[in-house]
Each structure stands twice: as C-alpha cells, then as structure tokens.
**Student:** 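Structure provided below as structure tokens; questions to follow.
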Amino acid sequence: MQLDLNLLTALDALLEEGSVAGAAERLHVTSPAMSRSLGRIRKATGDQILVRTGRSMVPTTRALAMRAEVHALVQQAHQLLSAQQELDLAALDRVFTVRWHDALTAACGTALTSAVHHQAPGVRLRLSAEPGRDDAELRRGEVDLESSSSAPTLPHIRHRLVGSDRLVVAVRPGHPLTAGPLSLKRYAAAEHLTVSRRGNLRDPIDDALTTRGLERRVVAAGPTAAFALQLALDTDLVVTLPDAVTRTAREQLGLATMPPPLPLPDVPLYLLWHQRYDNDRAHTWLRELATDTVQALFTPPTASQQPLTNRTGKDGYARGKDCGS
C-alpha cells in the first residue's frame, strides 16, 4: 500500500486544531490544500475524521482514539530525522514569545533577556503581556512559553512546576498596621486592594477570612502588581501578594512587608508550553534557561536581605518537573 506519510503531519494538525483553516495556518499551506489532504486521509482511513456540528467541526470517535498515537508518531519522526543535529546556539536565528505574569516579568525578565542574548545572540525574545485566557495562543504556536499559577487542564499543554511563592502583606512605611503585631482583626478591618486582570474585588483571601467569621473591605482592584504596589505606597490600602516575584519591586519602593496573620496556601508557579515543542532542542534550551532564571527567585535571601519582621516560614522551592496534563 502506497501511503503518503506527510498525511500523518496533516492529520496531527487537523486533530489538534479541530478545523481545516487552523491546520492550514499551522502548516503554512492553503485551506484548499488542507481540504484535499483531509479528503485523502478520509479515503485512507475509511473514517470522516472531522465532522461538522453547527459552525464548528468535531473529531469522530476513531479520530479521538488515534489522536495521541498520531501525535507520538509525528514527534518520533521529527526526532529521528533531527537526531544527528546539534544545537548551535551561536548560529540560532529564532524568535521566541514568552508570556509571563507582569510581576514575574518585572522580577526576572531582564535576567532572562540577558542570558538569552549572551548565549544565542541571534535569538530575539518577545516578552508579551499576559491576557485573560492562556490556551489558544499556546495551541496555535503564537506563544512559546507561558507562566501560570495553576496547572493546565488541556492534554496538549505541558507544564513544569518551577517554584512555590508564599503570600505577604505590603503597606506604605508608617502605615498603622506596622505599629505592633499584625492581628487578624486589624488586618480584616483595614482597607484592601486586589491584583486582578479582570478587576475581581474578591480572591481566596476573602474565603479564608469568611471561614473565620471575618470580612474585609476591598476598595480597589489593580490590573498589575506594579500598579497595586504603587497604590499601596501612595495610600493606606493594604495589598497581599506573592513574596518572591514582588520582592525587588517592594524594596525599590520602600514598602513595609509583614507575614499575613492567617495561614494561606502558597502560590505555585508553572511554566507552560505546547507539546509540539517537547523534542524541539531550541525550545528545550529556552525553557531550561527560563527555569533556572525563575528558580533563582526562590533562593532564600540571606539574613541581611530578609524583609519580614517575623520570618516564620520558608520560601517554597521546587525543582523543575515536566508534566503532561
């Protein structure tokens, strides 16, 4: 049987994108050409593969069953054909898009950019603002590496836990809360602000207070950590946010930092990428470099650098671990 193995690549793209147009864009071919490939795949497999439901297309039962195996075959083929190629960082010419939370970019974006440019001068790094949704651009290959505080749920998005950050309370110097121990009642009675791209005035801290019969008043929501920290400096508002990724910014502004008066779970930090890059040596280099850069944030500061008046905890730290979802 004569079978064009290029159809496996087309099938892989069709199953991941769920549309002819999306698969065509991913493989840089025209939609008519991809439609012809889909027709040949249907003829070879005896299955429709994708069927139209309303305005969208959904995979058939057989397509769902073969999706993982098809992807594995395509990845193995790429790995086989490139196994003898060594990564030459000095000659690497590529653009990587890294989309991180604003606080993470502020904390270590400079270090990552400098490391990338030093090791691979031909690589250009695009640091992109983090939007509200985090999967479509990864799936389309428009974003190479992303940060998240939660593990992804989609099966084709890989993730690596690179650290765990504890929450701290930040206020302006001389704030009334800095006079004496910070009690739970004093904390709840203060006026607060949240950090939320969507403008949420409630977060898990409110849930933790509710279980203790308390309620705080959130008077503002800021879109970025930088905005929230500046607002806390200029007002009596209290902001509770991750320690390691905001430590440098807080110290530059001269903000006072205290541990929260109630136990709060640490905030995990994940790096996310699409599974198509699992065996991409250049991408592997980037995510290893990013992992090292980010994990440096979670190295416990020296005694002279400790900002908390009552350091009862210890910065969380986790070595990089790649995971499927």
**Student:** Can you check whether Asp47 reaches Thr61 side chain to side chain, under 4.5 Å on heavy atoms?
**Tutor:**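 No, too far: nothing below the 4.5 Å cut-off.
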**Student:** To the nearest 0.5 Å, what is the distance between CE (Met34) and CD1 (Ile41)?
**Tutor:**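 The CE atom of Met34 sits 7.5 Å away from the CD1 atom of Ile41.
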**Student:** Please check this pair: side chain of Thr60 against backbone of Ala63, looking for a donor-acceptor N/O pair closer than 3.5 Å.
**Tutor:**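 Yes, the answer is positive, given that a donor and an acceptor are paired below the 3.5 Å cut-off.
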**Student:** Just do the side-chain contact (heavy atoms from CB on, under 4.5 Å) check on Arg202 and Thr194 with the steps written out, would you?
**Tutor:** CA-CA 7 Å; Arg202 185 179 179 88; Thr194 60; over 6 Å; no
**Student:** Between atom OH of Tyr187 and atom CG of Leu177, what is the distance when rounded to the nearest 0.5 Å?
**Tutor:**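 Tyr187 OH to Leu177 CG: 9.5 Å, rounded to 0.5 Å.
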**Student:** Looking at side-chain heavy atoms only, is the closest gap between Val116 and Phe96 below 4.5 Å?
**Tutor:**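 Result no, sub-4.5 Å side-chain heavy-atom pair not found.
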**Student:** Any side-chain to backbone donor/acceptor pair from His159 onto Leu272? Under 3.5 Å, distance only.
**Tutor:**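 No, the answer is negative, given that no donor and acceptor are paired below the 3.5 Å cut-off.
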**Student:** Taking Asp243 for its side chain and Val168 for its backbone only, find out whether a donor-acceptor pair lies under 3.5 Å.
**Tutor:**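 No; zero donor-acceptor contacts below 3.5 Å.
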**Student:** Any Lys/Arg nitrogen of Asp12 or Arg26 sitting under 4.0 Å from an Asp/Glu carboxylate oxygen of the other?
**Tutor:**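 Arg26 and Asp12: salt-bridged.
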**Student:** Just by distance, do the side chain of Arg212 and the backbone of Ala208 share a donor-acceptor pair under 3.5 Å?
**Tutor:**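 Between the backbone of Ala208 and the side chain of Arg212 there is a qualifying donor-acceptor contact (under 3.5 Å).
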**Student:** Check whether Arg160 reaches the backbone of Trp273 with its side chain - one donor and one acceptor, N or O, closer than 3.5 Å.
**Tutor:**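 Judged by distance alone, no pair lies under 3.5 Å.
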**Student:** Is any side-chain heavy atom of Leu11 closer than 4.5 Å to one of Ser37?
**Tutor:**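 The answer is no, as the side chains (C-beta and beyond) never meet within the 4.5 Å cut-off.
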**Student:** Does Val294 reach the side chain of Leu104, with side-chain heavy atoms less than 4.5 Å apart?
**Tutor:**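 Counting from C-beta outward, Val294 and Leu104 do come under 4.5 Å.
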**Student:** Check whether any side-chain heavy atom of Val171 sits under 4.5 Å from a side-chain heavy atom of Met258, and report yes or no.
**Tutor:**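 Yes, close enough: below the 4.5 Å cut-off.
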**Student:** May I ask you to decide if the ring planes of His274 and His71 are parallel, tilted or perpendicular, using 30° and 60° as cut-offs?
**Tutor:**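 Geometry flag for His71 against His274: perpendicular rings.
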**Student:** Identify every side-chain donor-acceptor pair in residues 214-230 under 3.5 Å, counting partners at least two apart or on other chains, and give the distances.
**Tutor:**
| unit_1 | atom_1 | unit_2 | atom_2 | d |
| --- | --- | --- | --- | --- |
| Arg216 | NE | Asp206 | OD1 | 2.8 |
| Arg216 | NH2 | Asp203 | OD1 | 2.9 |
| Arg216 | NH2 | Asp203 | OD2 | 3.3 |
| Arg216 | NH2 | Asp206 | OD2 | 3.1 |
| Arg217 | NH1 | Glu191 | OE2 | 2.7 |
| Thr224 | OG1 | Phe227 | N | 3.1 |
| Gln230 | NE2 | Asp234 | OD1 | 3.3 |
| Gln230 | NE2 | Asp234 | OD2 | 3.1 |

**Student:** Side-chain contact, heavy-atom cut-off 4.5 Å: Arg250 with Arg247?
**Tutor:**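 Touching, per the 4.5 Å side-chain cut-off.
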**Student:** Examine distances only and state if a side-chain atom of Arg276 and a backbone atom of His156 form a donor-acceptor pair shorter than 3.5 Å.
**Tutor:**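 Side chain of Arg276 to backbone of His156: no pair is present.
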**Student:** Hey, are the side chains of Thr105 and Leu112 touching, using non-hydrogen atoms and a 4.5 Å cut-off?
**Tutor:**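 A side-chain contact is absent here, since even the closest heavy-atom pair is not under 4.5 Å.
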**Student:** Is there side-chain contact between Pro242 and Leu167, with at least one heavy-atom pair below 4.5 Å?
**Tutor:**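 Answer yes - side chains close enough.
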